[in-house]
Amino acid sequence: MDALVIVITVLQLLCGLAVILAVLFQSGKSAGLSGTIGGVADTFMAKGKAKSFDAKLARATKWIGAVFIVLTLVLNILH
């Protein structure tokens with residue numbers, strides 16, 4: 001049982017580092033509310049957002065975060 005806890009803890013550590021890196025690599029949304037009011041959301045780049053690197057990073061962040069939460073719950077159950 002102790003070996004399983006150690007393996008899951010190491011996986012959780014790696015997952016946490018991956019979440020940090022994925023968030024740091026994403027570009028900032030500096031336009032904020034003023035950019036939305038000004039109509040920046042309808043630009044050409046917004047149409048291809050699903051294929052952009054930032055969209056892939058955002059999706060990866062969500063999945064890695066979900067795995068991190070599941071690993072946390074599993075560790076909580078094992079303790």
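These figures come from a predicted structure and were not determined experimentally.
- Rounding to the nearest 0.5 Å gives a distance of 6.5 Å between CG of D2 and CD1 of I6.
- Summarising the geometry of Q12 relative to T72, their closest heavy-atom pair is NE2-OG1, 2.5 Å, with the distance given to 0.1 Å.
- L13 and L78 fall into different hydrophobic clusters, where Ile, Leu, Val, Met, Phe, Trp and Tyr side chains are chained together by heavy-atom contacts under 4.5 Å.
- Here the shortest heavy-atom pairing between C15 and I64 reads SG-O, 3.2 Å.
- No continuous path of ILVMFWY side-chain contacts below 4.5 Å connects L73 to V5, so the two sit in separate hydrophobic clusters.
- In this structure, the side chains of L71 and L75 stay at 4.5 Å or more apart for every pair of heavy atoms.
- Distance check: F68 CZ to L14 CG gives 11.0 Å after rounding to the nearest 0.5 Å.
- Scored by the side-chain hydrogen bond (donor to acceptor under 3.5 Å, both in side chains) test, T9 finds no partners at all (sequence neighbours excluded).
- Linking ILVMFWY side-chain heavy atoms closer than 4.5 Å, directly or via other members, places I77 and L11 in two distinct hydrophobic clusters.
- Both I8 and V70 belong to a common hydrophobic cluster when Ile, Leu, Val, Met, Phe, Trp and Tyr are linked at side-chain heavy-atom distances under 4.5 angstrom.
- Residue pairs meeting the side-chain hydrogen bond (donor to acceptor under 3.5 Å, both in side chains) criterion with at least one partner in residues 17-28, sequence neighbours excluded, are Q26-T61, S27-D54.
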Handout entry: K62 vs R59, side chain to side chain contact (heavy atoms under 4.5 Å, CB included): CA-CA, chis, key distance, verdict
Key = CA-CA 5 Å; K62 291 174 190 173; R59 195 172 344 153; 5.7 Å; no
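- Linking ILVMFWY residues whenever their side-chain heavy atoms come closer than 4.5 Å, directly or via other members, leaves V19 and L24 in distinct clusters.
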